[in-house]
Amino acid sequence: LRSLSRLEEVTLFMTLMAAFKVLLSRYSGQKDICVGTPVAGRKPQETEGMIGSFINTLAIRSDLSGDLTFRQLLQQVKGTMLDAFDHQDLPFEKVVEAIVPERDLSRSPVFQVIFSMNSHEMPAMVLAGVEQSEMQFSGGRVKFDLTMNVVEVAGSLTCHVQYCKDLFEEATICRMLTHYRQLLESIAADAGRQIGELPMLTEEEELALEEGLHARTSAYPRHQTLADLFSEQAARTPGRAAVRFGGQMIDYRELEERSNRLGHYLRELGVCEEKLTGICVSRGIEMVIGILGILKAGGTYVPIDPGYPAERIAYMMSDAGVEIVLSTRHVWSSLHECFESRVVLLDREGG
């Protein structure tokens, strides 16, 4: 990760922040990710020796849409963070006042997640006659839904997480940390991959997922056709809407009856499995009736877009050996010259 950061001319913190945003995006399904990060607020040299809290919070927003590689996202995060650092003297409260976000007592405005990094390599304090030791303590109530703090100790990185117990369980946070480590390993191995393709599951999780998918496999009715399955559904729910198009609607009963009539009519005309039947209609209820009618007759349909040039339509029907084509009066009136096959008008006969 350090080598990647040097190569991309970014800080390690920027690399870790970009990876954290990938994690949040993958977990939430969102592409617009805004994360807060604290800054010391002691930019002027004159404030270094002063006592008091100067800490300010910056909102770092990133767009993870498109087919971004991690390197591209990293450069985007770098530019955003450098701009934010240049304007870090502006108090966060003023930012909130300027953008006027929708207020909600259940969450913090602008962002609900904090990401920070600091070094824990502090010099040992020596006091005569005094023994010292480090003690861990709870910070009490959390201020944000999720706070990730990366601590650098002796060249190693350790992640500390504070989270709202009303939103997350401990097992969820542990799994999230595991996925974050997996993402970092994937990034270190190949930062040129698209962020949506970076592996973040462990081998055990991938195996369990694969086994779960196989376990949910259901038997397919191999000896029933699509027309058979539709007829069964029509018998179960005859009055329910089967097709809606624009302001039109047809229920299962009517669709079953009209497609049956068409299927019998086409069978009388010689439609069968060995012969291809064309269907050249605009999108709508007639198209569904036509397709079902051909299937119920035991035939195979060849879809022909009426928006194609007449020469192409004529070539398609000739090349496929279409002897019968289904259409409507409107389509037929403008394309009848390229219809050398027998034409069945769905809004006149058989439908």
Side-chain angles (χ1 to χ4, degrees), residues 28-32 65 196 209 212-310 312-313 316-317 320 322-336 338-339 341-351:
S28 65
Q30 299 179 17
K31 303 299 181 182
D32 187 356
S65 61
L209 181 62
L213 291 175
H214 287 312
R216 290 196 295 269
T217 301
S218 56
Y220 185 80
R222 295 180 179 275
H223 303 293
Q224 288 180 290
T225 65
L226 178 62
D228 295 332
L229 295 175
F230 178 81
S231 296
E232 291 180 1
Q233 181 64 36
R236 287 193 297 266
T237 57
R240 291 184 60 179
V243 180
R244 297 182 188 274
F245 182 79
Q248 297 177 298
M249 187 277 288
I250 184 172
D251 60 27
Y252 277 96
R253 180 187 293 107
E254 184 179 357
L255 182 54
E256 170 76 352
E257 292 174 352
R258 293 180 62 178
S259 60
N260 277 341
R261 288 198 301 269
L262 178 60
H264 289 303
Y265 181 74
L266 293 176
R267 200 172 297 163
E268 293 175 359
L269 296 179
V271 171
C272 59
E273 184 177 355
E274 291 76 19
K275 296 182 179 179
L276 300 179
T277 304
I279 178 167
C280 185
V281 297
S282 301
R283 291 178 180 269
I285 292 177
E286 285 80 11
M287 175 184 284
V288 181
I289 295 172
I291 292 175
L292 275 174
I294 295 172
L295 295 178
K296 286 175 178 290
T300 304
Y301 68 91
V302 178
I304 302 170
D305 192 335
Y308 287 160
R312 182 176 181 183
I313 293 176
M316 289 176 64
M317 290 196 293
V322 172
E323 298 181 1
I324 298 175
V325 60
L326 276 56
S327 188
T328 59
R329 283 175 289 185
H330 174 71
V331 174
W332 181 75
S333 63
S334 58
L335 296 174
H336 65 275
C338 59
F339 286 172
S341 309
R342 174 162 184 171
V343 178
V344 175
L345 298 179
L346 292 171
D347 48 358
R348 177 181 295 177
E349 58 174 314

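Quick note: residue numbers are just sequence positions, from 1. Just so you know, these numbers use all the heavy atoms, side chains as well, and skip hydrogens, waters and symmetry mates. Quick caveat: nothing in here was measured; it's all calculated off a predicted structure.
To the nearest 0.5 Å, atom CG of residue Asp347 and atom CH2 of residue Trp332 are 11.5 Å apart. We find the CG-CG distance between Leu292 and Asn260 to be 9.0 Å, quoted to the nearest 0.5 Å. In this structure, CG in Leu346 is found 8.5 Å from CZ in Arg258, a value given to the nearest 0.5 Å. Rounding to the nearest 0.5 angstrom, the gap separating the CG atom in Asp305 from the CZ atom in Arg283 is 8.0 Å.
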Review item, side-chain donor-acceptor pairs of residues 271-278, under 3.5 Å, at least two apart:
none

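Partners of Met316 under the side chain to side chain contact (heavy atoms under 4.5 Å, CB included) rule, at least two apart in sequence or in another chain, are Ile304, Tyr308, Arg312. In this view, Ala235 satisfies the side chain to side chain contact (heavy atoms under 4.5 Å, CB included) rule with no residue, not counting sequence neighbours. Every residue two or more places apart in sequence or in another chain that forms a side chain to side chain contact (heavy atoms under 4.5 Å, CB included) with Leu229 is listed here: Tyr220, Pro221, Gln224, Glu232. With sequence neighbours excluded, no residue forms a side chain to side chain donor-acceptor pair (under 3.5 Å) with Asp251. With sequence neighbours left out, Asp32 forms a salt bridge (charged side-chain N to carboxylate O under 4.0 Å, His left out) with Arg61. Not counting sequence neighbours, Arg236 has no partner by the salt bridge (charged side-chain N to carboxylate O under 4.0 Å, His left out) test. Applying the side chain to side chain donor-acceptor pair (under 3.5 Å) rule to Glu286 yields no partners; only residues at least two apart in sequence or on another chain are considered. Partners of Ser65 by side chain to side chain donor-acceptor pair (under 3.5 Å), not counting sequence neighbours, listed by chain and number: Asp63. Residues meeting the side chain to side chain donor-acceptor pair (under 3.5 Å) test with Ser231, sequence neighbours left out: Glu256, Lys296.
Contact record, Leu262 with Ile289: CD2-O, 3.6 Å, taken as the closest heavy-atom pair. A pairwise comparison of heavy atoms in Leu345 and Arg329 identifies CD1-CG, 3.7 Å as the closest pair. Shown here for Pro306 and Val281, the closest heavy-atom pair between the two residues is CD-O, 3.4 Å. Across every non-hydrogen atom of Val325 and Ile279, the tightest pair is CG2-N, 4.2 Å.
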Worked check of side-chain contact (heavy atoms from CB on, under 4.5 Å) between Leu295 and Thr225: CA-CA 9 Å; Leu295 295 178; Thr225 65; over 6 Å; no
Applying side-chain contact (heavy atoms from CB on, under 4.5 Å) to Val288 and Ile250, what does each step give before you reach the verdict? CA-CA 10 Å; Val288 181; Ile250 184 172; over 6 Å; no
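Judged by distance alone, the side chain of Ser327 and the main-chain N or O of Cys280 form a donor-acceptor pair under 3.5 Å.
Pairs passing the ring pair (Phe, Tyr, Trp, His ring centres under 6.0 Å) check and including a residue from residues 232-262, sequence neighbours excluded, read Phe230-Tyr252. Legend: ring pair (Phe, Tyr, Trp, His ring centres under 6.0 Å) pairs involving residues 272-298, not counting sequence neighbours: none detected.
For the pair Ser282/Val331, a side-chain contact is recorded, criterion being any heavy-atom separation below 4.5 Å from C-beta on.
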